[in-house]
Amino acid sequence: MKRVFVLILLSLFVKTVSASGLVDYVNPLMGTESTYSFSHGNTYPAVAVPWGLNFWSPQTGENRNGWMYASTDTVIRGFKQTHQPSPWINDYAVLSVMPLSGELKLNHKDRGVGFSHNNEEVHPYLYSVTMDNGVKVALTASRTSSVMEVEYPSLDGQYFVIDAQHGGCKVDIDQMRRRVTGYVKNHNGGVPANFTNYYVMEFSHPIAEKGVMINDFLFAGRSVGEHDRVCGYLRFIIPEGEKLTVKISSSFISPEQAQLNFSREVKNKSFDEVKESSVSQWNSLLGRIVVEDDDEEAKQTFYSCLYRVLLFPREFYEYDADEAPFYYSPYDGEIHDGYMYTDNGFWDTFRAVHPLFTLLYPEVSERVMQSLVNVYSESGFLPEWASPGHRGCMIGNNSLSLIADAYVKGIRGFDTEKALQAMVHQTETQGEPLSVGRNGYQEYFSLGYVPYPDYYEATAKTLEYAYADWCLSAFASELGRADIASDYESTSYNYRNLFDKSYGFMRGKTRSGEWVFPFSPEEWGGPFTEGSSWHYTWSVMHDVEGLSQLMGGHENMTFLLDSMFNAPPLFNYGTYGFVIHEIAEMVALDMGQYAHGNQPVQHAAYLYDYTLSPWKTQYHVREIMDRLYKPTPDGYCGDEDNGQTSAWYVFSAMGFYPVCPGRAEYAIGSPLFDKVTLNMPTGKSFTIFAAENKAENVYINSAKLNQKRYTKNYILHSDIVNGGEIKFEMSNKPNLKRGVEVTDAPTSLTKVSKK
Ligand code: CA
C-alpha cells in the first residue's frame with residue numbers, strides 16, 4: 001500500500017517535471033569556469049534558439065577576449081550578440097549593449113558592473129540578472145533577434161550603451177523614431193572585404209538624450225558615428241515600475257533584410273511571446289531523446305550536453321520575404337539561394353555531433369550536406385574549420401566523414417555527384433589556408449604517409465587522411481563508382497605505414513623512411529596534433545581489426561588499451577615548448593594517459609568491443625560519464641568544442657557510440673539511464689531499457705533486441721531508425737561470456753577471423 005502511494009507520488013513528480021519542459025534541465029553555465037590555461041569546457045551561456053544565426057551572452061571579459069563569460073569573473077560589461085564557436089577561434093560580427101545607472105561610462109574597460117551568481121537566472125531561452133547597481137536585465141532570443149527588458153533602480157542616469165566594437169562600424173540614432181541602426185564589421189579572419197553585420201534596434205520609450213563616442217572622443221548630442229571604433233549612448237526617463245524594452249535584429253545580407261528579420265521575429269511580439277517560442281523550440285528538439293530515470297543530476301548533465309550539441313553549426317542563412325532560405329556567402333561575398341552553415345571544426349565534430357544529427361535530426365544533416373556542396377562551389381574547397389569562412393585551424397579531411405556518414409544513413413537530399421567531385425578534389429590539392437585540401441598530399445600518395453618533419457603533425461595527418469579515404473571509398477561505392485572506391489580503399493590502409501611494431505605505437509617517419517628518433521609515446525606535438533602517440537595510435541576508426549592485427553591480436557590490443565588507462569599521466573610537452581591546456585587537463589582527470597579533454601582519443605574506450613572484451617568498454621565509459629561530467633560550471637574535463645565532448649556523453653548515456661562515422665552501426669557501451677526513448681522525426685521510436693541499472697551495475701549481463709537474445713557489441717543504424725527496443729539487463733559483475741565471439745565484434749575493414 002505504502003509502495004503504491006510512493007509510486008503515485010513519483011509519477012506525479014515526473015509529470016510535473018515534463019510539463020515544465022526538458023529545457024529546464026539545461027544549465028548553460030556548464031563549462032564556463034574556464035581560463036586560457038585550464039579549460040572546464042570553454043563555453044559561454046548562449047541564449048539562443050537551436051542553431052540560431054545570432055547568440056546572446058552576458059559579457060564579463062573585455063572586448064576581444066575569447067573568454068567572454070567566465071563564471072569566476074565579477075563584473076558584467078555588456079550583453080553581447082556573439083557568433084563565437086570557441087575562444088581559440090574567437091568572435092566575429094560582435095555587437096554589445098549595456099544599460100547603466102548613474103554615471104555614463106562608455107569604454108568596456110570602465111563600464112563593468114559587479115554581479116553575483118545568486119542574482120542570475122540562466123536558461124537557453126532566458127538570461128536575467130540584477131546587477132549590484134540595481135539594474136535588472138532580462139534577455140531572450142529568437143533566430144536572428146533578441147528582446148531585452150531593463151529595469152532601472154531610479155531616475156538617476158538611465159543610460160543604454162551600444163558598443164559597435166572595432167574594425168569599422170556605424171551607430172545611427174533616430175531619436176524621433178526611437179531607433180538605432182548601423183553595422184559592425186569586426187572579425188578574426190575568414191571573411192571577404194564586404195563582410196558586414198547590419199543591425200536595427202527599437203526602444204519602447206522616448207530617447208531623452210543621445211550621443212556617440214568615436215574612437216575615444218565623446219560627442220554629446222550627435223546622432224551618427226561611423227569609424228573604426230564607435231559607441232553610442234541613449235538616456236531615458238522611465239517612471240518607476242515601467243520596463244524599457246529593447247528589440248534587436250540583424251542581418252549579414254542587407255539593412256533591409258535586418259528590418260525584415262526584425263518585423264518577422266520581434267516587432268509585434270512581447271518579451272514573453274519570444275521567450276515562449278524559444279522554450280517550445282528547445283523542448284521539441286530536446287524531446288527527440290526522452291530520458292526516464294530518478295537520477296536528476298545525470299538528467300541535468302544529459303540535457304545540458306544535448307543543448308550544446310544543438311547550438312552548432314550555426315545556420316548562417318536567412319529567409320527572404322517569401323520565406324525562401326538565402327545567405328551572404330563568407331566565401332565569395334555574394335548572395336546565394338539555399339543553405340549555409342558555419343562555426344564548426346569538423347576535426348572535433350565529425351566524431352559524434354554530426355552522427356547524432358544523421359540519427360535524430362536528419363533534416364538538419366541534409367541541409368548541412370547542401371551547405372558543404374555550396375562551400376565547394378563558392379570557394380573551391382570543402383570546409384574543415386569554418387568561422388564564418390575557411391580558418392587555418394586543425395588538420396584532416398573530416399568533411400569527407402560528414403558526407404559519407406550522412407549518405408550511408410539515408411540522407412540523399414543533396415548534389416551527390418558534386419559532393420563526390422569535391423571529396424576527391426579535397427584529397428588531391430592543397431588550399432589556402434592549409435587546413436583546406438590535403439597538406440602533404442603528394443607524399444601521402446607517393447610514399448604512403450606524410451613525412452615528418454617536412455610537414456607538421458604529419459602522423460596525425462596520415463591517420464586522418466587514411467580514415468577520410470575510407471569514407472570517400474564508402475561513399476563512392478554507394479554511388480556506384482567502383483573505380484574511385486577501390487583506389488581510396490587501398491590508400492585507407494596507409495595507417496599501416498606509420499605503425500612501429502617494435503614499439504606497438506604509431507610514430508613519425510622521415511621522408512627517407514626512418515622512424516623519427518628519439519621516440520616516447522608520452523611526447524606531445526611533433527608528428528601529432530594536440531596529443532601524443534598514446535592518443536593517436538587509436539585513430540584507425542575504419543579498421544580497428546586491422547590495427548589489432550598489427551599489434552599482434554586482440555589480447556595485445558586489450559593490454560595496450562588497459563595500459564593507457566593505467567599508466568601514470570607522465571608527459572613531455574615536446575614541440576609545444578610548454579604545458580598546453582590539454583596536457584594539464586589530462587593530468588588533472590587522473591585516468592592515466594587517457595585524455596578525454598581532447599577529441600582524438602574519445603572513441604578509444606569503445607575499442608574493447610572490437611577486441612571482444614566489451615565489459616572493459618562498459619566499465620570505462622561509465623567511469624568517464626560518472627567522473628568527468630557534471631552540470632556545473634566546472635562540469636567538463638577540457639574544451640567542449642562545438643558539441644563534440646557533449647555528444648560523446650549523449651551517445652554514451654544512451655548506451656552506444658559512433659566509433660566509425662561513415663559506417664551505419666554503433667559500438668555498444670553501458671546505458672546510463674533506466675529508459676531512454678529516441679523519437680525519430682519519421683514518427684518511429686526506439687527505446688533503450690536498462691533493468692537493474694544503478695551506479696555499481698555498469699556491466700551488461702544480457703540484452704534482447706526486439707525480444708530476441710542479442711550478444712553483439714554493436715547495434716545497426718537500421719535497427720534504431722526502423723523503431724523497436726533493446727532491453728539490457730545490468731549487473732555489478734562483468735559477463736565474461738557475452739560478446740566474445742568473432743561475430744560479435746563491430747565491423748572493420750579487415751575481417752575478424754580469430755579472437
Ligand atoms: Ca579540443
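Given the structure is predicted, the values throughout are model-derived calculations rather than measurements. Counting convention: from 1, in listed order, for ligands and their atoms alike. The residues of the chain are indexed from 1 along the displayed sequence.
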Near the Ca ion (ligand 1), is there an N/O/S atom from T645 that is less than 3.0 Å away? no
Have a look at D641 and say which of its N, O or S atoms is nearest the Ca ion (ligand 1). OD2
Relative to Y465, does R438 satisfy both conditions: NZ or CZ under 6.0 angstrom from the six-membered ring centre, and within 45 degrees of the ring's axis? yes
Has E582 got an N/O/S atom less than 3.0 Å from the Ca ion (ligand 1)? no
Looking at P124 and V26, what are the two nearest heavy atoms and their distance? CG-CG1, 3.6 Å
Any N/O/S atom, backbone or side chain, of N598 lying under 3.0 Å from the Ca ion (ligand 1)? yes
Answer yes or no: is there a side-chain heavy-atom contact under 4.5 Å between P433 and H390? yes
Apply salt bridge (Lys or Arg N to Asp or Glu O under 4.0 Å) to D91 and K80, showing your working. CA-CA 11 Å; D91 214 336; K80 175 173 161 177; 3.2 Å; yes
